[in-house]
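See below for the structure under consideration.
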4 protein chains.
Amino acid sequence: MPHVRTQQIVDAAVRVFMRKGVHQSSVDEIVAEAGVSKGLVYLYFKGKKALIEAVMKRLFAPDLQIAQRLLNGNEAVSSRLQEYVRAFAADVERYRALLPLFHECYSMLGRNRRMRELVADYYARQESFFRKMVLQGIVSGEFRACDAETAAVSLLALQEGLIMRWMMQPETTDWSAQAEESLNLLLRALLENN
Amino acid sequence: MPHVRTQQIVDAAVRVFMRKGVHQSSVDEIVAEAGVSKGLVYLYFKGKKALIEAVMKRLFAPDLQIAQRLLNGNEAVSSRLQEYVRAFAADVERYRALLPLFHECYSMLGRNRRMRELVADYYARQESFFRKMVLQGIVSGEFRACDAETAAVSLLALQEGLIMRWMMQPETTDWSAQAEESLNLLLRALLENN
Amino acid sequence: MPHVRTQQIVDAAVRVFMRKGVHQSSVDEIVAEAGVSKGLVYLYFKGKKALIEAVMKRLFAPDLQIAQRLLNGNEAVSSRLQEYVRAFAADVERYRALLPLFHECYSMLGRNRRMRELVADYYARQESFFRKMVLQGIVSGEFRACDAETAAVSLLALQEGLIMRWMMQPETTDWSAQAEESLNLLLRALLENN
Amino acid sequence: MPHVRTQQIVDAAVRVFMRKGVHQSSVDEIVAEAGVSKGLVYLYFKGKKALIEAVMKRLFAPDLQIAQRLLNGNEAVSSRLQEYVRAFAADVERYRALLPLFHECYSMLGRNRRMRELVADYYARQESFFRKMVLQGIVSGEFRACDAETAAVSLLALQEGLIMRWMMQPETTDWSAQAEESLNLLLRALLENN
DNA sequence: CATGAATGAGCCTTCATTCAT
DNA sequence: TATGAATGAAGGCTCATTCAT
């Protein structure tokens with residue numbers, strides 16, 4: 001799968017998709033951007049749909065690395081969640097041009113099983129990360145004995161909602177701070193002596 | 001603008017978009033659904049883009065009526081927010097087939113100023129509703145003296161995030177309850193004696 | 001069905017198919033020949049396949065008119081069959097450039113149900129014509145009491161086989177005479193006092 | 001030409017052509033079926049056209065062995081022709097999946113000189129066989145003094161026509177019997193005392 | 001106001017063929 | 001001999017948009 005040519009084409013597709021959106025981009029444009037022939041795309045991908053899926057797969061991949069690292073940290077869960085939010089905010093900042101892409105993908109969910117599985121998998125992992133973090137907090141006595149599932153769902157929803165808000169108001173200057181404040185508000189509901 | 005023919009076409013467009021999505025729907029299909037001629041669509045709308053915008057305008061409109069009513073209520077803010085969540089959940093349940101449509105719109109935000117304004121306006125109103133509610137709570141002593149802006153943003157983000165989650169996991173049986181639990185968690189961070 | 005535009009497109013398709021064959025002809029060429037836009041073809045025909053079917057339908061149609069006329073004649077069956085062969089030979093002569101077309105169609109029979117039905121129908125009618133003629137001959141005492149079915153099948157086979165032979169040896173000068181001689185040979189097996 | 005690799009490729013091509021037809025088959029499929037590399041095909045054949053020609057050459061080749069054997073037989077010509085028909089019917093039965101292939105070839109005749117020569121040669125041999133048989137019959141007094149050429153042409157046409165009929169009506173159960181009946185009818189026109 | 005026949009640019013995809021290795 | 005990655009021309013088809021009536 002990490003074939004050099006696959007990489008090259010997916011990279012180009014990401015760039016073109018960022019510029020024009022998925023539906024407005026033609027295979028010709030991707031081909032031109034990648035510097036390969038049109039036929040080659042169909043040698044490595046079954047069609048445009050498959051290429052889109054590959055692009056999304058690639059875009060979803062890196063987000064979970066931060067989570068994995070933080071899961072094994074020693075600091076307070078609150079601190080680690082705050083660090084996560086900061087890292088995530090930086091990530092989103094860097095790939096902000098990709099946000100519309102995600103929404104295009106989300107809009108396919110009802111009609112594309114592969115895409116649905118891809119996205120569902122990503123969200124399951126994210127939720128799992130939050131749940132584990134909350135459980136760590138409860139076990140260590142940092143958090144009160146709340147329902148970890150509800151907390152995880154709320155944290156995830158908060159994250160997603162903030163991204164959406166950010167997409168709609170790109171002029172917000174200090175998005176990272178806003179995200180942290182929201183997180184802190186929610187943490188207040190989780191912390192023990194509060 | 002509220003011409004009877006305009007209405008007829010937009011209604012048909014909504015139905016077709018629900019069935020197939022915005023990009024997969026052709027003007028021919030909408031025309032057939034509306035029972036009008038193709039030329040008529042171009043008499044009332046400048047093009048497909050304008051039609052999509054009209055459709056979204058219509059879809060964004062009604063959601064805020066509940067909010068307006070609750071804003072003038074007498075019960076505790078917590079109760080009214082809970083009621084809002086229930087009403088909203090019921091609404092989303094009813095129009096769940098439209099969710100992908102919204103995402104298609106969101107994906108246009110970067111390249112369509114009209115759409116951006118439309119959506120931004122909607123979110124501004126939503127946020128305003130939450131902010132006013134929080135302020136009411138603070139004034140009445142129900143909520144502690146927190147930052148109303150942050151609270152409003154968080155409530156809005158929570159709402160959006162939950163919708164997205166629901167879209168991705170349509171099998172979730174009791175979505176309304178889940179939403180209420182998340183709201184309660186956040187309320188815990190806002191209530192005075194907690 | 002006999003829409004003026006349909007006619008126009010089918011006519012053009014016949015001409016292009018005659019020049020290049022079915023598979024070597026592109027829709028663009030047909031469109032250019034017909035002097036209409038590409039989209040129009042797809043307004044009247046579901047696709048290239050459907051267009052080919054329409055072409056064949058048209059080509060099969062006229063052959064049966066002669067047969068119908070001869071069926072109601074008063075002369076001896078032998079004479080009328082001879083006349084049929086002459087008329088048919090003239091017809092084939094005129095449309096000789098179309099013969100490869102028929103073979104292209106025949107080669108589709110296994111993978112195209114519509115085409116199969118079309119051709120089967122044509123052959124059923126032809127056979128019916130020959131059977132009725134033979135029966136007329138038997139009833140009138142011109143022919144001996146033979147199996148009309150076998151005779152019809154043989155006449156039909158003879159006709160098809162001669163066409164094929166002619167296609168393969170276009171240089172044959174007097175094809176009509178050859179066809180008549182073959183018919184006479186077969187008639188010898190059918191006539192009473194022989 | 002009878003190189004082992006050539007054989008291997010042509011064999012594979014025949015199998016693929018039988019499954020999908022000439023035009024619907026890609027070089028890739030033939031290559032996969034043959035288990036060789038794509039480049040190799042172009043090493044042994046100038047292109048797809050040349051490969052098709054090689055395939056047809058192979059398919060036309062074996063049919064004449066029966067004829068040769070029967071030509072040297074001692075039995076009555078009628079009997080031998082009947083035997084020929086039976087053998088031929090069995091042959092066609094066995095290779096019925098190839099019939100569409102022949103029609104695809106026939107449709108190329110007008111635009112492919114090589115193919116034309118190939119087919120013409122085959123038919124010349126077939127006709128020659130029938131002519132010799134008829135002449136044997138005339139010499140031996142079994143047949144009346146008819147025009148051997150006309151008789152041969154008729155026999156050949158009958159054979160071809162019957163094959164075509166069979167291709168179009170694959171459901172015909174006893175094709176061999178039908179063929180024999182048709183032959184007998186024609187023989188009636190050739191036999192002396194009739 | 002209203003129609004719907006007509007347009008044509010543009011898209012995705014296929015596939016015979018080549019060539020560096 | 002043999003490979004198979006790479007090519008790119010060409011094809012079928014869609015669909016937003018126009019315009020004569």
Side-chain angles (χ1 to χ4, degrees), chain A residues 3-6 8-9 23-32 34-52, chain B residues 3-6 8-9 23-32 34-52, chain C residues 3-6 8-9 23-32 34-52, chain D residues 3-6 8-9 23-32 34-52:
Chain A
H3 191 286
V4 62
R5 239 40 193 239
T6 300
Q8 189 181 353
I9 293 168
H23 285 102
Q24 272 61 38
S25 301
S26 67
V27 174
D28 279 276
E29 268 174 297
I30 295 165
V31 154
V36 298
S37 74
K38 206 191 285 205
L40 203 64
V41 170
Y42 289 87
L43 202 62
Y44 289 102
F45 300 94
K46 202 170 182 188
K48 199 191 178 187
K49 245 185 197 168
L51 179 54
I52 296 173
Chain B
H3 191 287
V4 63
R5 243 37 195 275
T6 301
Q8 190 180 353
I9 293 167
H23 284 101
Q24 272 62 38
S25 300
S26 66
V27 174
D28 279 275
E29 264 175 301
I30 295 164
V31 155
V36 298
S37 75
K38 209 191 286 202
L40 205 62
V41 170
Y42 286 87
L43 200 63
Y44 287 105
F45 301 93
K46 198 168 183 189
K48 199 191 177 187
K49 243 184 197 167
L51 179 54
I52 295 172
Chain C
H3 190 285
V4 62
R5 239 43 193 242
T6 300
Q8 189 180 353
I9 292 167
H23 285 100
Q24 272 61 39
S25 301
S26 68
V27 174
D28 280 276
E29 269 175 297
I30 296 166
V31 153
V36 298
S37 72
K38 205 192 285 205
L40 202 64
V41 170
Y42 290 88
L43 201 62
Y44 290 101
F45 301 93
K46 202 168 183 193
K48 199 191 176 187
K49 247 185 196 168
L51 179 54
I52 296 172
Chain D
H3 190 284
V4 63
R5 244 35 196 275
T6 300
Q8 189 181 353
I9 293 167
H23 285 101
Q24 273 62 38
S25 301
S26 66
V27 174
D28 279 275
E29 264 175 301
I30 295 164
V31 155
V36 297
S37 75
K38 209 191 286 201
L40 205 62
V41 170
Y42 286 86
L43 200 64
Y44 288 105
F45 301 94
K46 197 167 185 190
K48 199 191 178 187
K49 242 183 196 168
L51 178 54
I52 295 172

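In what follows, every chain begins at residue 1, and chains take the letters A, B, ... in the order their sequences are listed. Worth saying up front: this structure is predicted, and the values here are computed from it rather than measured.
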### Message
Rounded to whole Å, how long is the line connecting atom NZ of B:Lys49 with atom C1' of F:dT17?
### Response
14 Å
## Note on the structure
Per nearest nucleotide of DNA chain F, the residue lying toward the 5' end, C:Ser25 or A:Val36, is A:Val36
### Task
Quick one: pull up CD in B:Gln24 and CD in B:Glu29 and give me the separation to the nearest 0.5 Å.
10.0 Å
### Message
What's the closest nucleotide to the side chain of B:Leu43 if the choices are E:dT7, F:dG4, E:dA2?
### Response
E:dA2
### Message
Check the phosphate of F:dA5 against A:Arg5, side-chain N and O only, distance under 4.0 Å to OP1 or OP2. Yes or no?
### Response
no
### Task
For residues D:Val31 and D:Asp28, determine if any side-chain heavy atom of one lies less than 4.5 Å from a side-chain heavy atom of the other.
no
### Task
Output the distance between atom OG1 (C:Thr6) and atom CG (C:Leu40), rounded to the nearest 0.5 Å.
8.5 Å
### Query
For the side chain of A:Lys38 and the base of E:dT13, is some donor closer than 3.5 Å to an acceptor across the two?
yes
#### Entry: Nearest-0.5 Å distance, CG of residue D:Leu51 to OH of residue D:Tyr42
8.5 Å
### Query
Please give, in whole Å, the distance from F:dG12 C1' to C:Phe45 CZ?
16 Å
### Query
Taking CD from B:Gln24 and P from E:dC11, how many angstroms apart are they, rounded to a whole number?
16 Å
### Query
Does A:Gly35 or C:Glu29 map to a spot on DNA chain F nearer the 5' end, using the closest nucleotide for each?
A:Gly35
#### Entry: Nearest-Å distance for atom pair CD1/C1', residues C:Ile52 and F:dG11
13 Å
#### Entry: Nearest-Å distance for atom pair CG/P, residues B:Asp28 and E:dA5
11 Å
### Query
Which word best sums up how the rings of A:His3 and A:Tyr44 line up, parallel for under 30°, tilted for 30 to 60°, or perpendicular for over 60°?
tilted
### Message
Of the listed nucleotides (E:dC1, F:dG12, E:dA16), which one gets closest to any side-chain atom of C:Lys48?
### Response
F:dG12
### Query
How many Å lie between CD1 on B:Ile30 and P on E:dG4, as a whole number?
17 Å
### Query
Applying a 3.5 Å limit to both distances, which nucleotide forms a Watson-Crick or G-U wobble pair with F:dT3?
E:dA20
### Distance in angstrom units between D:Ile9 CD1 and F:dA2 C1', rounded
11 Å
### Message
Counting only side-chain nitrogens and oxygens, does D:Tyr44 get under 4.0 Å of the OP1 or OP2 atom of F:dA2?
### Response
yes
### Message
On DNA chain E, does the nearest nucleotide to A:Ser26 precede the nearest nucleotide to B:Leu40 from the 5' side, or the other way round? Give the residue.
### Response
B:Leu40
### Query
Nearest-Å distance, OH (A:Tyr42) to C1' (F:dA6)?
16 Å
### Query
For the side chain of D:Ser37, counting heavy atoms from C-beta on, which of F:dT17, F:dG4, F:dG12 is nearest?
F:dG4
### Task
Answer with base, sugar-phosphate or nothing: what part of the nucleic acid does B:Gly47 contact at a heavy-atom distance below 4.0 Å?
sugar-phosphate
